[in-house]
2 protein chains.
Amino acid sequence: MKKTGIDWGEVNATCDAMSPEEDSLARTIVTQMAEKWTLWTMAVLAEAGGPMRFSRVLEQVEGVSQKSLTKTLRQLERDGLVTREAFAEVPPRVEYAITELGMEMLAQVHPLWVWASANVKRFVEARERYDG
Amino acid sequence: MKKTGIDWGEVNATCDAMSPEEDSLARTIVTQMAEKWTLWTMAVLAEAGGPMRFSRVLEQVEGVSQKSLTKTLRQLERDGLVTREAFAEVPPRVEYAITELGMEMLAQVHPLWVWASANVKRFVEARERYDG
DNA sequence: TTCATTTGTTACCTCGAGGTACCTACAGCA
DNA sequence: TGCTGTAGGTACCTCGAGGTAACAAATGAA
């Protein structure tokens, strides 16, 4: 029945070996990763290939509000997924860049995203079957 | 700079080839996957290796409320990730099981989860650096 | 007759995500 | 003397997630 060869026991064992705080943190990481603008923001910074000003990111992540982008970037910075460098100039300049850890996380997410995109039709069919 | 070898252009190309509805659906799939009880529920059904009654799932997914589990299972059923079979008995019996599509999705998520668990320490350190 | 069982549904509550809109500070420029 | 541009902070709003608690429906058991 386990046709995919996934050993969920292995995952559970990994979780059991962690402290409760660590366990809940792993959960938090995955949850935040799926928040509305997080992946998109990281992808934009990854594609840029170097530091990017706040307003450039704001343009590239189409539809995000200033407030939400600020919050998203703060969280990413806190988790070590992006770096932030502020320059004491007028008008102010702040540059963001993705970190090695951020690139590693994107590498993990990448196949999932590709799979989801490639299998959209199967989901559409399932929903039509259910709704109709 | 793209040290991970990820070709995000490839992902974007995939997205560009989709209709807006399909694109937003792919986004929706990934978002729902990260909702509070979704992955846990799927993992429980996958580990069971066969059909499971509602109340068994309710026990295994510790902390979930009846209402939330019902909603979670409905969404999973709608997306073709689990099956639901109701028996006309008293008291009622309803059996849930994971589908092939569900197993495939778990297979995609698995490495991400393992990576997140394995790298918890790096996130903890980043947060301590930021907060302290 | 009354109660337990099982799978929901519904009303009501709280909390947080995320949006819009408006405010600052300060130098340069017309 | 205003006006512009940048990176944010803050007030206020709406919307949905998710919790608790109570109820339904029907049958077999006490």
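Protein chains get the first letters and strands the later ones, always in sequence-line order, with residue 1 at the start of each.
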Handout entry: Nearest-angstrom distance from the residue atom CZ of Arg74(A) to C1' of dG9(D)
Key = 10 Å

Handout entry: Lys67(A) or Arg93(A), whichever maps to the more 5' nucleotide of DNA chain D
Key = Arg93(A)

Practice task
May I ask you to verify if any side-chain N or O of Ser65(A) is less than 4.0 angstrom from the OP1 or OP2 atom of dG18(C)?
Solution key: no

Problem - side-chain N/O Arg84(B) vs dG8(C) OP1/OP2, d < 4.0 Å - result: yes

Practice task
Calculate the interatomic distance between Leu69(A) atom CG and dG19(C) atom C1'; express it in whole Å.
Solution key: 14 Å

Practice task
Take the protein atom CD of Glu77(A) and the nucleotide atom P of dA7(D), then report the distance between them rounded to whole Å.
Solution key: 15 Å

Practice task
Would you name the heavy atoms of Trp113(B) and Arg27(A) that are closest together and state the gap between them?
Solution key: CH2-CA, 4.0 Å

Completion exercise
By nearest-nucleotide position on DNA chain C, the 5'-leaning member of Pro91(A) and Val90(B) is Val90(B)

Exercise for the section: Return yes when atom CD of Glu89(B) has more than 12 non-hydrogen atoms of other residues, nucleotides or ligands closer than 6.0 Å, and no otherwise. Expected result: yes

Practice task
Write down the distance between CZ (Phe54(A)) and P (dG9(D)), rounded to a whole number of angstrom.
Solution key: 9 Å

Problem - Shortest non-hydrogen contact between Leu106(B) and Ala46(B), atoms and distance - result: CD1-CB, 3.6 Å

Exercise for the section: Classify the nucleic acid contact of Glu89(B) as base, sugar-phosphate or nothing, counting any heavy atom under 4.0 Å across all strands shown. Expected result: nothing

Problem - Phosphate OP1/OP2 of dT5(C): any Ser55(B) side-chain N/O under 4.0 Å - result: no

Fill in the blank from the handout: Between CE of Met52(A) and C1' of dA7(D) the distance, given in whole Å, is 15 Å

Handout entry: Nearest atoms (heavy-atom pairs only) where Phe123(B) meets Met105(A)
Key = CZ-CE, 3.9 Å

Handout entry: N or O in side chain of Lys36(B) less than 4.0 angstrom from dG19(D) OP1/OP2
Key = yes

Problem - Contact under 4.0 Å: Arg53(A) side-chain N or O vs dG5(D) OP1/OP2 - result: no

Exercise for the section: Indicate the atoms forming the closest heavy-atom contact of Ala34(A) with Val30(B), along with that distance. Expected result: CB-O, 4.5 Å

Practice task
Whole angstrom is fine here: how far is it from CG in Leu73(B) over to P in dG8(C)?
Solution key: 8 Å

Handout entry: Short side-chain N/O contact to dG19(D) OP1/OP2 from Ser68(B), under 4.0 Å
Key = yes

Practice task
Mind checking Phe87(A) for me? I need base, sugar-phosphate or nothing, with any heavy atom below 4.0 Å counting as a touch.
Solution key: nothing

Practice task
Return the value, rounded to whole Å, for the distance between atom CH2 of Trp37(B) and atom C1' of dA17(D).
Solution key: 12 Å

Problem - Distance in angstrom units between Gln66(A) CD and dA21(C) P, rounded - result: 13 Å

Exercise for the section: Tell me whether the OP1 or OP2 atom of dT7(C) has a side-chain N or O from Tyr96(B) closer than 4.0 Å. Expected result: no

Practice task
Select base, sugar-phosphate, or nothing to describe what Arg56(B) touches, counting heavy atoms under 4.0 Å on all strands.
Solution key: nothing

Problem - Salt bridge present between Arg122(B) and Glu100(A) (N-O < 4.0 angstrom) - result: no

Practice task
Using the closest heavy atom to pick a nucleotide of DNA chain C for each, name whichever of Thr72(A) or Pro92(A) lands nearer the 5' end.
Solution key: Thr72(A)

